[in-house]
Amino acid sequence: MNSTTRFKLSTMMFLEFFIWGAWFVTLGTFLGNNLKATGAETGAVFSTQSWGAIIAPFIVGLIADRYFNAERILGVLHIIGAILMYQMYNATDISIFYPYVLGYMILFMPTLALVNSVSFNQMKDPEKEFSSIRIWGTLGWIAAGLLISYFFHWDSQEGTTAGLLKNTFLMAGIVSLALGLFSFILPKTPPKVSSDEKIKISDVLGLDALKLLKDRNFLIFFISSILICIPLAFYYQNANPFLSNIGMDNPTGKMTIGQASEVIFLLFIPIFFKRFGFKMTILVGMLAWAVRYALFAYGNAGELSFMLILGIALHGVCYDFFFVSGQIYTNSKAGERFKSSAQGLITLATYGVGMLIGFAVAGKISDVYKATDGTMDWKMIWIIPAGIALVVFILFALVFNDKTKSEIEPNSL
């Protein structure tokens with residue numbers, strides 16, 4: 001890969017995840033302060049990510065893979081996304097805001113697959129080359145959070161009260177327009193499938209991989225993946241509002257510690273796999289969810305603020321040790337024939353079904369523990385997902401019994 005192509009792909013990844021990090025992290029705080037949304041309404045807005053994840057395979061599989069270059073579709077989706085972002089910026093009521101965010105997420109979620117397609121199409125050895133490109137996405141997410149907290153101060157107590165978090169949508173929209181235009185000079189990525197070739201819905205959704213569920217251990221892993229996404233949804237939906245509400249300075253900037261830890265702990269996964277096997281690795285990831293929420297429940301913005309920072313820093317363990325290791329395990333169980341469909345099935349189960357349930361539950365729990373004067377019982381809001389994660393951890397430890405380390409080959413890490 002030449003330096004020009006590497007620069008273009010790295011820039012694409014940086015902008016892609018900058019856009020997502022620019023508004024999604026502070027979304028819960030914005031909804032509560034600017035639009036006075038209830039917990040259930042906030043859960044419905046966050047659920048648009050899940051609906052986007054469910055619909056995304058149809059856009060990529062039925063359109064992008066058959067009729068148009070991936071980079072052109074990427075450009076069109078981001079340009080339309082910029083228009084929707086501007087409408088979200090102008091929205092003054094949750095009923096007006098919701099249709100725009102739903103439309104946006106339906107268009108944005110497919111772009112996550114499209115940027116990967118554009119990247120992989122330029123690589124001779126993706127296993128070695130992709131990580132050095134993908135890391136720019138994480139850096140983009142971090143950059144967005146740092147700008148919000150330390151440059152613009154939109155998430156400060158004064159900024160939040162003044163409603164300045166609406167500016168996150170304007171920033172995301174401007175960058176979305178920039179990426180949309182930039183996409184048309186990305187390396188050409190033509191359709192993978194002939195437009196005349198028949199394609200089955202089962203291929204698009206990964207339903208052929210349902211055969212893997214006949215394996216008892218994979219079925220247990222599959223169910224556990226859905227269940228662990230319930231507490232995961234609490235973090236996305238409540239972390240920023242929680243940190244802002246209790247008075248932590250620069251909450252969005254501090255939350256980027258989670259993305260930094262994600263990069264660091266990714267390096268430890270091969271070591272854990274080799275030494276402890278898949279089961280122990282994934283159990284560590286599950287337990288980390290329970291521990292981080294316990295830290296949130298009992299920490300505060302004063303003398304116990306270190307507990308909150310530690311909880312944020314555990315994001316790398318929570319995400320990498322469960323989701324990344326799970327993707328590797330799925331790859332090892334699927335075999336050559338079902339590798340793509342198996343990954344699609346797991347994505348549909350987690351980001352689709354699991355988080356759809358999780359956001360609904362998180363929204364209702366928030367309403368239950370919100371007092372009439374608007375104060376939140378954050379301790380209980382975090383204890384509940386900690387308990388759910390602990391239950392999933394115990395059940396998985398007791399019933400999962402796949403000890404075949406050899407199925408996960410070193411080169412798959």
For residues [X] and [Y], determine if any side-chain heavy atom of one lies less than 4.5 Å from a side-chain heavy atom of the other.
{"X": "L147", "Y": "F151", "result": "yes"}
{"X": "L232", "Y": "W289", "result": "yes"}
{"X": "F30", "Y": "T168", "result": "no"}
{"X": "I54", "Y": "W51", "result": "yes"}
{"X": "D125", "Y": "F130", "result": "no"}
{"X": "T160", "Y": "L165", "result": "yes"}
{"X": "T281", "Y": "V284", "result": "no"}
{"X": "Y104", "Y": "Q87", "result": "no"}

Once you round to the nearest 0.5 Å, how far does [atom1] of [X] lie from [atom2] of [Y]?
{"X": "F218", "Y": "K211", "atom1": "CZ", "atom2": "NZ", "answer": "14.0 Å"}
{"X": "F108", "Y": "W20", "atom1": "CZ", "atom2": "CH2", "answer": "6.0 Å"}
{"X": "Q49", "Y": "I106", "atom1": "CD", "atom2": "CD1", "answer": "13.0 Å"}
{"X": "M12", "Y": "K8", "atom1": "CE", "atom2": "NZ", "answer": "11.5 Å"}
{"X": "F393", "Y": "M286", "atom1": "CZ", "atom2": "CE", "answer": "9.0 Å"}
{"X": "S224", "Y": "L219", "atom1": "OG", "atom2": "CG", "answer": "9.0 Å"}

Problem - E262/T138 under side-chain hydrogen bond (donor to acceptor under 3.5 Å, both in side chains): CA gap, chis, key distance, verdict - result: CA-CA 9 Å; E262 188 180 322; T138 302; 4.8 Å; no
For the [atom1] atom on [X], are there more than 12 heavy atoms of other groups (residues, nucleotides or ligands in this structure) within a distance under 6.0 Å?
{"X": "R72", "atom1": "CZ", "answer": "no"}
{"X": "W378", "atom1": "CH2", "answer": "yes"}
{"X": "I135", "atom1": "CD1", "answer": "no"}
{"X": "F120", "atom1": "CZ", "answer": "yes"}

Problem - Pairs where residues 22-32 contributes a residue and the test side-chain hydrogen bond (donor to acceptor under 3.5 Å, both in side chains) is met, not counting sequence neighbours - result: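 Qualifying pairs, neighbours excluded: T29-N240.
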Looking at every non-hydrogen atom in both residues, tell me the closest pair between [X] and [Y] and how far apart they are.
{"X": "K188", "Y": "Q122", "answer": "O-NE2, 3.6 Å"}
{"X": "A70", "Y": "V118", "answer": "CB-CG2, 4.0 Å"}
{"X": "S261", "Y": "G258", "answer": "OG-O, 2.8 Å"}
{"X": "F359", "Y": "S47", "answer": "CB-OG, 3.3 Å"}
{"X": "G352", "Y": "A53", "answer": "N-CB, 4.3 Å"}
{"X": "F242", "Y": "F296", "answer": "CZ-O, 3.4 Å"}

Handout entry: side chain to side chain contact (heavy atoms under 4.5 Å, CB included) between I83 and Y86, intermediate numbers included
Key = CA-CA 5 Å; I83 297 171; Y86 184 71; 5.8 Å; no
Identify, with sequence neighbours excluded, every residue that meets side chain to side chain contact (heavy atoms under 4.5 Å, CB included) alongside [X].
{"X": "A40", "result": "T38, D367"}
{"X": "S149", "result": "D155, N250, T252"}
{"X": "L164", "result": "W154, A162, N167"}
{"X": "A37", "result": "L31, E41, T42, I94"}

Practice task
Report yes or no: do S10 and R6 form a side-chain donor-acceptor pair below 3.5 Å?
Solution key: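 Result is no, nothing qualifies.
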Practice task
For the residue pair N116 and S119, confirm or rule out a side-chain donor-acceptor distance under 3.5 Å.
Solution key: no
Under the ring-ring contact (aromatic ring centres under 6.0 Å, His included) test, residues paired with [X] that sit two or more places apart:
{"X": "F234", "value": "none"}
{"X": "F321", "value": "F272"}
{"X": "F222", "value": "none"}

Handout entry: side chain to side chain contact (heavy atoms under 4.5 Å, CB included) between M171 and F152, intermediate numbers included
Key = CA-CA 11 Å; M171 179 172 70; F152 294 116; 3.9 Å; yes
Exercise for the section: Decide yes or no on side chain to side chain contact (heavy atoms under 4.5 Å, CB included) for F396 and I282, but give the supporting numbers first. Expected result: CA-CA 9 Å; F396 190 83; I282 207 166; 3.1 Å; yes
Run the side-chain donor-acceptor check on residues 307-320: report pairs under 3.5 Å with partners two or more places apart or on a different chain.
| unit_1 | atom_1 | unit_2 | atom_2 | d |
| --- | --- | --- | --- | --- |
| H315 | ND1 | R292 | NH1 | 3.4 |
| Y319 | OH | Y351 | OH | 3.0 |
| D320 | OD2 | L266 | N | 3.1 |

Exercise for the section: Take Y293 and Y235 through the ring pair (Phe, Tyr, Trp, His ring centres under 6.0 Å) test and state the conclusion after the steps. Expected result: CA-CA 9 Å; Y293 290 151; Y235 180 75; 7.1 Å; no
Handout entry: Stepwise ring pair (Phe, Tyr, Trp, His ring centres under 6.0 Å) check, F24 with F17
Key = CA-CA 10 Å; F24 196 71; F17 286 90; over 10 Å; no
Exercise for the section: Apply the test side chain to side chain contact (heavy atoms under 4.5 Å, CB included) to residues F400 and L395: give CA-CA distance (whole Å), side-chain angles for both, the deciding distance (0.1 Å), then the verdict. Expected result: CA-CA 8 Å; F400 186 87; L395 291 176; over 6 Å; no
Exercise for the section: Without swapping roles, check the side chain of S50 against the backbone of L356 for a donor-acceptor pair under 3.5 Å. Expected result: yes
What side-chain donor-acceptor pairs closer than 3.5 Å can you find for residues 172-187, not counting sequence neighbours?
| unit_1 | atom_1 | unit_2 | atom_2 | d |
| --- | --- | --- | --- | --- |
| S176 | OG | H78 | O | 2.6 |
| S176 | OG | H78 | ND1 | 3.4 |
| S183 | OG | L179 | O | 2.7 |

Please report, to 0.1 Å, the donor-acceptor pairs under 3.5 Å made by any side chain of residues 95-102, with sequence neighbours excluded.
| unit_1 | atom_1 | unit_2 | atom_2 | d |
| --- | --- | --- | --- | --- |
| S95 | OG | D93 | OD2 | 2.3 |

Problem - Six-ring centre of Y89, K166 cation under 6.0 angstrom, axis tolerance 45° - result: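 Verdict for Y89: a cation-pi partner in K166.
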Practice task
Would you mind listing every salt bridge (Lys or Arg N to Asp or Glu O under 4.0 Å) that reaches into residues 214-232, with sequence neighbours excluded?
Solution key: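 Sorted result for residues 214-232: D215-K333.
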